[in-house]
Amino acid sequence: MTLGPASGASADPGWWNPTARPAPDSQVNVTGEPFKGTDAQGQVRGFVDAHDHIMSNEAFGGRLICGKAFSELGVADALKDCPEHYPDGSLAVFDFITKGGDGKHDPDGWPTFKDWPAHDSLTHQQNYYAWIERAWRGGQRVLVNDLVTNGVICSVYFFKDRSCDEMTSIRLQAQKTYDMQAYVDKMYGGAGKGWFRIVTDSAQAREVIAQGKLAVILGVETSEPFGCKMILDVAQCSKADIDRGLDELHRLGVRSMFLCHKFDNALCGVRFDEGALGTAINVGQFLSTGTFWQTEECKGPQHDNPIGLAAAPAAQKELPAGVSVPRYAAGARCNTRGLTDLGEYAVRGMMKRKMMLEVDHMSVKAAGRAFDILEAESYPGVISSHSWMDMDWLERLYKLGGFAAQYMNGSEAFSAEAKRTDALRDKYQVGYGYGTDMNGVGGWPGPRGANTSNPVTYPFRSVDGGSVIDKQTTGQRTWDLNTDGASHYGLVPDWIEDIRLVGGQGVVDDLFNGAESYLRTWGASEKHKAGVNLAAGAPASASSSEWNPFTSYAPGRAVDGNTGSRWASDWSDDQWLQVDLGSANLVSRVTLDWEAAYGKAYRVEVSTDGTSWQTAWSTTTGDGGLDTARFAGVTARHVRIHGVQRGTKWGYSLHEVGVYSS
């Protein structure tokens, strides 16, 4: 990298300006010192992008996203098109698959940027380092860089220059992110001096933000992590593979992760895509797993997206002769596949490593079970980063202590959704985030037009008031959010200003509190300690036990620590299971892992002497699975699960009962 004096450099340019930049390079077009430190309450300030893909140009075989986030050879090398896009984009196959038309465009990036980056160009680099720098200067303080790829898309795409192995790509993207940190450091005089700081714990993130810099967190969003794909419903990975994979990712610095993305895998079923894209991804599902998505009627108010039924000829021709995408019943909106046993093992493995679980892209069946597990352990590390979770789960997420962000929609739609969920954020006293998903093949806000009644007026001040932000210029191109939309990452501050104009200061204030809320979720995950199960191995008794000549369904099976065993009652309503804790304890949480025979109506009762009972918690709407009963702490030696109404024609059956003080 050839470094030249920073543009406009003086004897004391300020800590936020590099002593040298690649020459030539993009402009940042922000003046003023980035704010440092915390507010009067000791909370960090700033925006959080909970979902971005800085290095996805290294994914999908290396030729799907064109351009680089940085280059040692400078901007002209970083911001250039893929070789096959020259001279006029005729071979830009993914362009016309995703954008329509013929895919033709001017391939030149630097210095003219005639056709890209653009809000509707899904195949060109939007995360050039100087554009991210502009977002940081505009008030962003947390950025989650999701390492992303998809082996099937890589394998079927016409152009590639590397392996399609997903974990190989994840490793490379992680290394490139560290390389980018070193690249920025070099401009500021050495290791640790730059504004782009990769952090691996929440305390480190707070220190970085206190210095006024950008805390960068590594996440993973991939379809077959650890090789955990499914072929004809047979898992291609083991628990040992999951442990090795999680350990490796943790060593790389990864702290948040999706367990499934786009395709069903050996860990969980996915939330469907819609339209022609959904059809194309369903084809990919078949090519990856040997099976298409399968649907069923939803059992609750939550539902997956409608499966795309529109034709996707380019994808469908990849199917073997005689195989076609199935049709689906309109009323069957839910994926039949939920969280598998291996998926549950992975969730618990992430909790052990204090990692945060991304529930976006999980089917509602998978997400529901994941929430059950997190609630049973009181684990707060759950993230919805870009509007791919059924919003009926939102209060459940906030109640756990999780964090939610909205996809980078247009300012009108973003503001309307933010206001719709504002009451919940007030209730749980949390901030808000956005997920730009840039380089994520999603599409970004288009222009509202120069003639709108309330356009962004340049220059404008940052939310904290300390910086002045003008139109962004790179090479010969100057972008204006009003007429260009959110074309690249450098326009994030402009988009936030547009939200202020459209949605009001309250929406922006919630976003400015986002960094603090994200770090609270992360910090609480790091501090989480598994509760002591007071019922483990304790004496248990029951009103009845189902008889079987080949196995035991005795009461003690529900407290033996083995989820493969269970207590089962006779097939009638009024049945109970009782646990003697041995001495009086504070009890405030009881977890129930039901077998298929569950209680629809039941009570959690407590007693100090085993004779006089009081109801601590009850429900009439039990739906099986893993239930968590929380109630005000009460002193008790005995805990009883008293079934009132069965959920099935069988009795009541519990794999495990947990009793906790907190």
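Minimum interatomic distance between Pro459 and Val468 (heavy atoms only, all atoms of both residues): CB-CG1, 3.7 Å. Shortest non-hydrogen contact noted between Phe60 and Val148 is CZ-CG2, 4.5 Å.
Between the Asn482 side chain and the Gly449 main chain, no donor and acceptor come within less than 3.5 Å of each other. No side-chain donor-acceptor contact under 3.5 Å links Ser121 to the backbone of Ala118. For Asp146 (side chain) and His53 (main-chain N/O), no donor-acceptor pair under 3.5 Å exists by modelled atom type. Judged by distance alone, with hydrogens and angles left aside, the side-chain atoms of Trp495 form no donor-acceptor pair with the main-chain N or O of Met408 at under 3.5 Å. Listed for the Tyr178 side chain is a donor-acceptor partner under 3.5 Å among the backbone atoms of Leu252. Between the Asp39 side chain and the Gln43 main chain, a donor and an acceptor come within less than 3.5 Å of each other. A side-chain donor-acceptor contact under 3.5 Å links Asn29 to the backbone of Thr473. In this structure a side-chain-to-backbone donor-acceptor pair under 3.5 Å is missing from Asp25 to Arg21. Judged by distance alone, the side chain of Glu166 and the main-chain N or O of Gly151 form a donor-acceptor pair under 3.5 Å. Not a single donor-acceptor pair under 3.5 Å links the side chain of Ser467 to the backbone N or O of Pro34.
With 3.5 Å as the limit, one finds a donor-acceptor pair spanning the side chains of Gln204 and Thr200. Defined by atom type and a distance below 3.5 Å, a donor-acceptor pair is missing between the side-chain atoms of Ser487 and Gln126. For the residue pair Gln472 and Ser26, a side-chain donor N or O sits within less than 3.5 Å of a side-chain acceptor on the partner. With hydrogens and angles left out, the side-chain atoms of Asn127 and Asp52 include a donor and acceptor closer than 3.5 Å. Side-chain N/O atoms of Glu417 and Asn409 include no donor and acceptor closer than 3.5 Å. Under 3.5 Å, the side chains of Glu358 and His51 contain no donor-acceptor pair of N or O atoms. For the residue pair Gln140 / Tyr489, a side-chain donor-acceptor distance below 3.5 Å is found, with atom types taken as modelled.
Taking the centre of each ring, Phe512 and Phe35 come in below the 6.0 Å mark. In summary, the aromatic rings of Tyr129 and Tyr183 are positioned with their centroids under 6.0 Å apart. Under the 6.0 Å cut-off for aromatic ring centres, His124 and His105 qualify, their centroids lying closer than that. Taking the ring centroids of His361 and Phe263, they lie at or beyond the 6.0 Å cut-off.
Evaluated for a salt bridge (Lys or Arg N to Asp or Glu O under 4.0 Å) with Asp484, the options Arg448, Lys471, Arg477 yield exactly one hit, Arg477. Of the residues listed (Thr436, Leu143, Asp49), the one engaging Val492 in a side chain to side chain contact (heavy atoms under 4.5 Å, CB included) is Thr436, and it is the only one. No option in Lys36, Arg137, Lys213 other than Arg137 meets the side chain to side chain contact (heavy atoms under 4.5 Å, CB included) test with Trp16.
Looking only at side-chain heavy atoms (C-beta outward), Pro306 and Phe272 stay at 4.5 Å or farther from each other. Between Tyr434 and Leu511 there is a side-chain heavy-atom pair separated by less than 4.5 Å. Considering only heavy atoms from C-beta on, Ile217 comes within 4.5 Å of Val199 through its side chain. Here the side chains of Pro22 and Met187 are in contact, with some heavy-atom distance below 4.5 Å. Between Lys104 and Ser90 the shortest side-chain heavy-atom distance falls below 4.5 Å. For the pair Asp185/Arg197, a side-chain contact is recorded, criterion being any heavy-atom separation below 4.5 Å from C-beta on. Residues Leu519 and Trp522 meet the side-chain proximity criterion, which asks for heavy atoms closer than 4.5 Å. For the pair Gln173 and Thr149, the minimum side-chain heavy-atom distance is below 4.5 Å.
A salt bridge between Glu58 and Lys68 is absent, with no side-chain N of the basic residue lying under 4.0 Å from a carboxylate O of the acidic one. Using a cutoff of 4.0 Å between basic side-chain nitrogens and carboxylate oxygens, Arg141 and Glu516 are not scored as salt-bridged. Salt bridge Arg134/Asp494: present, at least one basic N to carboxylate O contact under 4.0 Å.
For residues 115-160, every residue pair satisfying the disulfide (SG to SG under 2.5 Å) rule, not counting sequence neighbours, is listed here: Cys154-Cys164.
Using bins of under 30°, 30° to 60° and over 60° for the plane-to-plane angle, the ring pair Phe113/Trp116 lands in the perpendicular bin.
Relative to the ring axis of Trp15, Lys193 does not place its NZ or CZ within 45° and under 6.0 Å from the centre. The cationic atom of Arg425 (NZ for Lys, CZ for Arg) lies less than 6.0 Å from the six-membered ring centre of Tyr432 and within 45° of the ring axis.
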query: Between His85 and Phe159, is a ring-ring contact (aromatic ring centres under 6.0 Å, His included) present by the stated rule, with each step listed?
result: CA-CA 11 Å; His85 287 203; Phe159 305 104; 8.0 Å; no

- request: Might you work through the side-chain hydrogen bond (donor to acceptor under 3.5 Å, both in side chains) test for His386 and Asp437, ending with a clear yes or no?
  value: CA-CA 7 Å; His386 67 330; Asp437 201 18; 4.7 Å; no

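Shown here are the ring-ring contact (aromatic ring centres under 6.0 Å, His included) partners of Phe460, two or more places apart in sequence or in another chain: Tyr458.
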